[in-house]
Protein chains: 2
Amino acid sequence: MAKVDTSLVAHLPLFGGVKPGDLEEILREARSARYPRNSAIFEQGADAQSFFLLLHGHVRAAKTTPTGEQIVVRYVAPGETFGLAMAIGAARYPATAIAVDDSVALIWPTSAWPRLVERFPSLAASTLQTVGTRLQESHTRILEMSTQQVEQRVAHALLRLAKQSGKKLDHGIEIDFPISRQDIAQMTGTTLHTVSRILSSWESQGLVESGRQRIILRDPHGIVVLAERSADSGAA
Amino acid sequence: MAKVDTSLVAHLPLFGGVKPGDLEEILREARSARYPRNSAIFEQGADAQSFFLLLHGHVRAAKTTPTGEQIVVRYVAPGETFGLAMAIGAARYPATAIAVDDSVALIWPTSAWPRLVERFPSLAASTLQTVGTRLQESHTRILEMSTQQVEQRVAHALLRLAKQSGKKLDHGIEIDFPISRQDIAQMTGTTLHTVSRILSSWESQGLVESGRQRIILRDPHGIVVLAERSADSGAA
DNA sequence: GGCCCGTTTTGAGCTATCGCAAACACCCGG
DNA sequence: CCGGGTGTTTGCGATAGCTCAAAACGGGCC
C-alpha cells in the first residue's frame, strides 16, 4: 500500500477543519486502488464495505430498477467522495459505481467511519454539507424533469458536466471523459434516440461538435440560451 | 415562551445520542410557534434564519421556478425537521414552506447550530442520516419519473403519503391533511387534469374515494399492484 | 339561504416524445 | 488492412399526456 501524499488532498472541502497532522492519520486508514476503464467499483445492493474518494478519473453512479431500466445518478469527478452509504445509515449501496475512465480512488473501510467522525467531528459536518448539496441538486433535477422539455434538460445536463469536468479548448469546452448518448438520456429521463436527434440538430447549428462518446460545446453561451428558453419559440 | 416537554420529542431519531439532561439544554434554545392553515413558514430565497422541528400539523415544502411553475419537494410530518438550509451550507432557503394544516413547530435560530453540533456531535450524525435518507428518496423519485408512467407515479406518491401520514379507517386509509389534485400533480410531474382523470378512474374501480382536498385509499393493495405494474396491460 | 370562489371533472384536439426498425460510422483487435 | 461490434443516426408511425375550454361542484361566508 503506497503512502498517499497529503498535499494532494489537503485542500479538499472534506478535510476543511482537519489539521495537517490529523490528515495524515486519516489517510493512514485508507488504501488506494486503480480501476480500469469500464470496471465496476461496487454494485447496487452489495454490502457497503467501503467508502471512496476519487483521485483520478471519472466514475458513473447509476441506479437500476427491478425491470432493468437505469438512470445515471451522477458523475463523480476527482476530489469528490462516493459510496457514502454508511454515513447515511444504509447497509447496502443504493447504486452501482463504474469507472468510465481509468481511475484511482482512496478507499476507507466503512467500519472506520464511526471512529473517524468521533475523532474528527468536522468530517461529519463537511459530509453533511456534501450530502446536502447533492440533495439540492437532486431537487433541481426533479424540478427540471417536471417543468422542462427534453431539449432544455439535455442542455442543462451538458452545461453541468462541462462545469464539473470540462476541458477548455480554444474552440470550446470538451467533456473530459467518454460519455454516450445513452448516458445523457439516462441523466435526463429520455431515450438515446431523442438525445441523438437533439445533438444532431445542435451540431447543424454549430452549437456542439460530437462523436462517439465525445462531446464538445462549441458555443456554451448558445446552449445556456437554449437551456433557459421557456418552452416556446423553436427554430424555423 | 412556553417550555417544551422533553418527553414529547425525546424518542425522535434526531436526538438519538443525546442524554435526557442534554436534551433539555437543546430545547432551551428553541422557541415554538403556531402556524395557521395555509400560512407561509418561510419563503424560498429568504435568509435561512431558523430551522424547524414540526410538532403538530403538516407542512408542504415546494420549489418554484423563475417562470412560476412549482413542484412539491415533500410533505413534512410531525417529528420531522425542515428548513435545514444551514446544516447543508446554504444561506437561503431553497424552497418555500407552507403549513397545510394548523401546525406547531419548534424553532431554533440558525446561529445556534454550530454551537449545538460542537456540544452534541451526535446531532450532526443524525442529521446526516436524515439528509442522506432524503437524498435516496430523491433519487428514487428521479428514477420513477424517468421510467414510469404517470399513473404509476401517482400510485407511488399516494402510497408514500399514506405510509407517512395515513389515518387508518375501517374502510381504508385516509391521507390526514388537505391535499388537492394540483398538489399531487406537483409531486409527480404531471398536471392536475391528468391526476383528476386517474383518480376518477380509480374511484370507479373502487380503489379510492376522494373529494375536495381529500383522498381515502379504499384498496391499498390494489394500488400497490397498479404501482408495480410494468407499463403494459391496461384495463379493458 | 344564497352567493362567490377555489376545486374538480370532462371533452376534444394536438404534439412532443417514444418505440421500433434499419442503415450507418467508427474504433479496436487480429 | 479487414471484420465485428458498439455506438450513432434517421425515418416513420403510435400515443400518453398536455393544452385549452367549459361546465359542474362544494363549502364557507355574509
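Gln70(A) pairs in a side chain to side chain donor-acceptor pair (under 3.5 Å) with only one of the listed residues (Thr65(A), Thr64(A), Thr96(A)), which is Thr64(A). Evaluated for a side-chain contact (heavy atoms from CB on, under 4.5 Å) with Arg181(B), the options Thr190(B), Val154(B), Leu192(B), Thr191(B) yield exactly one hit, Leu192(B).
Pairs engaging residues 182-207 of chain B under the ring-ring contact (aromatic ring centres under 6.0 Å, His included) rule: none recorded [sequence neighbours left out]. Listed by first and then second residue, the salt bridge (Lys or Arg N to Asp or Glu O under 4.0 Å) pairs involving residues 168-178 of chain A are Lys167(A)-Asp176(A) (not counting sequence neighbours). Within the structure, salt bridge (Lys or Arg N to Asp or Glu O under 4.0 Å) contacts touching residues 36-53 of chain B (residues at least two apart or in different chains) are Asp47(B)-Arg92(B). Note on residues 186-209 of chain A: pairs passing salt bridge (Lys or Arg N to Asp or Glu O under 4.0 Å), not counting sequence neighbours, are Glu209(A)-Arg218(A).
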At under 4.0 Å between heavy atoms, how does the protein contact nucleotides 21-28 of chain D? Give one character per nucleotide, 5' to 3', with B, S or -. B----BS-
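Boundaries of the chain B contact region on DNA chain C are dG6(C) to dA12(C), first to last in 5' to 3' order (nucleotide atom under 4.0 Å from a heavy atom).
The residue among Glu151(A) and Arg181(B) whose nearest nucleotide of DNA chain C lies closer to the 5′ end is Arg181(B). Two residues, Val150(A) and Arg214(B), neighbour DNA chain C, and the one matched to the more 5' nucleotide by heavy-atom proximity is Arg214(B). Toward the 5' end of DNA chain D, the nearer of the two residues Ile179(A) and Thr194(B), judged by each one's closest nucleotide, is Ile179(A).
With sequence neighbours left out, Arg160(A) forms a salt bridge (Lys or Arg N to Asp or Glu O under 4.0 Å) with Glu144(A).
One can place CD of Gln149(A) at 16 Å from P of dG17(D), the figure rounded to the nearest angstrom. Atom CZ of Arg153(B) and atom P of dG17(D) are 7 Å apart (whole Å). The CD atom of Gln148(A) sits 17 Å away from the C1' atom of dC18(D) (whole-angstrom rounding). Distance Leu199(B) CG to dG17(D) P: 14 Å, rounded to the nearest Å.
Here the side chain of Gln129(A) pairs a donor or acceptor atom with the backbone of Gly89(B) at under 3.5 angstrom. Side chain of Gln205(A) to main chain of Ser201(A): a donor-acceptor pair is present (N/O by atom type, distance under 3.5 Å, no hydrogens or angles). A donor-acceptor contact shorter than 3.5 Å links the side chain of Thr110(B) to the backbone of Ala48(B). Side chain of Arg153(B) to backbone of Thr188(B): a donor-acceptor contact under 3.5 angstrom is found. Judged by distance alone, the side chain of Ser210(B) and the main-chain N or O of Ile215(B) form no donor-acceptor pair under 3.5 Å.
Each end of the helix from dG1(C)-dC30(D) to dG30(C)-dC1(D) gets its own rotation axis from five pairs of C1' atoms, and the angle between them is 40° to the nearest 10 degrees.
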Residues 73-81 of chain B side chain polar contacts: donor-acceptor under 3.5 Å, at least two apart:
from, atom 1, to, atom 2, distance (Å)
Arg74(B), NH1, Glu80(B), OE1, 3.3
Arg74(B), NH2, Thr81(B), O, 2.6
Glu80(B), OE1, Ala77(B), N, 3.1
Glu80(B), OE2, Gln164(B), NE2, 3.3
Thr81(B), OG1, Arg134(B), NH2, 3.2

Validation: residues 50-63 of chain B side-chain donor-acceptor distances under 3.5 Å, sequence neighbours left out:
from, atom 1, to, atom 2, distance (Å)
Arg60(B), NH1, Asp183(B), OD1, 3.2
Lys63(B), NZ, Pro94(B), O, 3.2

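Proximity of residues 184-191 of chain A to DNA chain D (heavy atom under 4.0 angstrom from any strand atom) is not detected for any residue. For DNA chain D, none of the residues of residues 56-64 of chain B falls under the heavy-atom distance limit of 4.0 Å.
Residue contacts shown for Ser196(B) include a base, since a base heavy atom lies under 4.0 Å away.
Between Gln182(A) and the phosphate of dG7(D), there is no side-chain N or O to OP1/OP2 separation shorter than 4.0 Å.
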Give the intermediate values and the outcome of side chain to side chain contact (heavy atoms under 4.5 Å, CB included) for residues His156(B) and Leu226(B). CA-CA 9 Å; His156(B) 278 293; Leu226(B) 266 184; over 6 Å; no
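Applying the 6.0 Å contact sphere to NE2 of His171(B) captures more than 12 heavy atoms from other residues, nucleotides or ligands.
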